[in-house]
Q: 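To start, I am sharing the structure in question, which I have written as structure tokens.
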Amino acid sequence: MLGVYVHIPFCANKCGYCDFHSIVAGSSVIEDYLVALSREIRYWADQLGGRTCSTLYIGGGSPTLLTAEQLSRLIRQLTAEFNFASGFELTVEANPGTLTPAKLEAMAEAGVNRISLGAQAFQNDLLRRIGRTHSVDDIYRGVELIRKYGISNINLDLIEGLPDQKLTDWQAGLEAAAALQPTHFSCYSLILEKGTPFFEEYYRGTLILPDEDEAVGMFEFTQAYLPQLGYHHYEISNYALPGMESRHNLIYWHNQFYLGLGSGAHGYFNRLRAHNPADVFLYTKNWLSGIPAAVSGEYVDRETEMDETMMLGLRLIEGVDEAAFFNRFNVSIKDVYANAVTDLIDRGLLESRDGFLRLTKQGIFLGNLVFSAFLR
Ligand code: SF4
């Protein structure tokens, strides 16, 4: 399995909580970036020499800020130059307010078969509060347009734990989202990242977040509600109809290889975890002058690969397949992590069942504590 991730680091506006690599830029900066990106695509296509890739994910930033022509050009180059497996998953992240018939038509014709729509909330005041430029009506219009152009595999991103968000807001939002019948939900908890406006506001005391009981209530409501509608909880933050799990993200959670193309993109390929510098102008300048943008990264040795396989795999609700771990590393999980596993099982945070080592219900809430036990 080899995934391909392509980063489009442009947004119409910076959201208050966002620490993703993205900037607000004019059309010539965007166009120059796309020319530079086309060179990196060509470079990696040559490096791969026809090796089969299994998924393509175009994320951001806001990929749908590109024009229809730019989207079409980018996706067509990627699918022409890389050797994707037949029926491969091709996802584009979309912001509801930026979707137009022309962009949907261009994406559908270029082979996009999955859209991940950043709905985030179903209350206009909450959307405004977090700095989103779309409205609830834009979400409805977006979903309708996506379906109109024949793309039926739709993920809705939602954020729980927003400032001023009540448990009842979350419940009503999730119900409204479910009424749209997407194939997949990503329900992320708000994380305050250093350097963001929300981080500053929080420490000034002007950002009121739901208390812990309310935050837990949101997570528990989601865990109970979505499975009743047929969405199974397959990763800490993700729910899908059967067979509609994100194939691209499963590559990450199974700790398999993926390329990261574009400014600030991260990749893991041939045992090297690498990333391009998160600087649109440097990235563009280098590729336009024929110099591959400097990539920094580190070689992943066998021990680190085992640790990462555990930490990423435990994010999956089914857990880590003990036989697959043995086949990959020729040693069992319990031999490598005997003390950590025994301790976490005794504390009720992990369980070993049916050949899988997985988080318990309590372990899901204390995921970071569990993951850190697998760091050597
Ligand atoms: S749209 Fe997404 S990437 Fe852009 S600023 Fe908002 S959260 Fe960040």
Side-chain angles (χ1 to χ4, degrees), residues 5-27 29-30 33-34 37 57-67 70-71 74 91-100 103 107 114-139 141-143 146 154-165 173 177 184-202 207 209 237-238 246 248-249 252 260-266 275-281 283:
Y5 173 81
V6 178
H7 194 67
I8 304 298
F10 304 109
C11 288
N13 173 54
K14 274 306 270 189
C15 303
Y17 57 91
C18 177
D19 81 329
F20 298 133
H21 169 48
S22 73
I23 60 169
V24 178
S27 55
V29 172
I30 296 176
Y33 175 79
L34 290 176
L37 181 58
Y57 192 105
I58 301 177
S62 305
T64 48
L65 204 60
L66 302 183
T67 65
Q70 288 169 330
L71 283 165
L74 171 66
T91 305
V92 175
E93 282 181 358
N95 276 2
T98 60
L99 284 174
T100 63
K103 292 181 193 182
M107 289 192 282
R114 185 172 185 271
I115 294 280
S116 179
L117 191 67
Q120 317 308 2
F122 276 76
Q123 288 82 13
N124 283 328
D125 53 342
L126 284 178
L127 289 170
R128 272 193 300 275
R129 176 70 182 89
I130 62 175
R132 303 296 301 203
T133 51
H134 68 269
S135 66
V136 175
D137 280 348
D138 289 327
I139 302 172
R141 269 194 293 272
V143 170
I146 294 166
I154 302 173
N155 169 57
L156 292 182
D157 270 356
L158 297 170
I159 309 178
E160 54 194 43
L162 294 173
D164 308 322
Q165 187 181 39
H184 191 284
F185 284 96
S186 295
C187 301
Y188 299 112
S189 299
L190 180 76
I191 295 175
L192 287 181
E193 301 285 1
K194 233 178 166 170
T196 61
F198 273 18
F199 190 86
E200 307 302 325
E201 272 191 60
Y202 184 74
L207 189 85
L209 295 177
S237 308
N238 287 279
S246 164
H248 184 80
N249 287 343
Y252 301 149
L261 277 61
S263 178
H266 289 245
H275 62 271
N276 283 332
D279 181 332
V280 171
F281 299 97
Y283 173 89

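Atoms within a ligand are numbered from 1 in the order they appear, just like the ligands themselves. Along the sequence shown, residues are numbered consecutively beginning with 1.
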Q: Which word best sums up how the rings of His7 and His21 line up, parallel for under 30°, tilted for 30 to 60°, or perpendicular for over 60°?
A: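 The arrangement is parallel - the two ring planes meet at less than 30°.
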Q: Does the side chain of Leu158 reach to within under 4.5 Å of the side chain of Phe122, using non-hydrogen atoms?
A: yes
Q: Check Arg141 with Asp138, please: is the shortest side-chain N to carboxylate O separation under 4.0 Å?
A: yes
Q: To check your reading of the model: name the closest protein heavy atom to atom 2 (Fe) of ligand 1, its residue, and the distance in Å.
A: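 Heavy-atom neighbour on the protein nearest atom 2 (Fe) of ligand 1: Arg132 NH1, 3.8 Å.
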Q: Short list, please: which atoms of ligand 1 are under 4.0 Å from a heavy atom of Tyr17?
A: 7 (S)
Q: Should the ring pair His266 and His275 be called parallel, tilted or perpendicular, given that the plane angle runs from 0 to 90° and is split at 30 and 60?
A: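 Taking His275 first and then His266, their aromatic rings lie parallel (interplane angle under 30°).
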Q: Measuring only between side-chain heavy atoms, which start at C-beta, is Asn238 closer than 4.5 Å to Tyr188?
A: yes
Q: With 2.8 Å as the threshold, which protein atoms of type N, O or S lie near atom 4 (Fe) of ligand 1? Leave waters out.
A: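 Listed by chain and number, the nearby protein N, O or S atoms are Cys11 SG.
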Q: Between Pro96 and Gln120, is any pair of side-chain heavy atoms under 4.5 Å apart?
A: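 Not in contact.
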Q: Is there a donor-acceptor contact under 3.5 Å linking the side chains of Ser62 and Asn95?
A: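 Result is yes, a qualifying pair exists.
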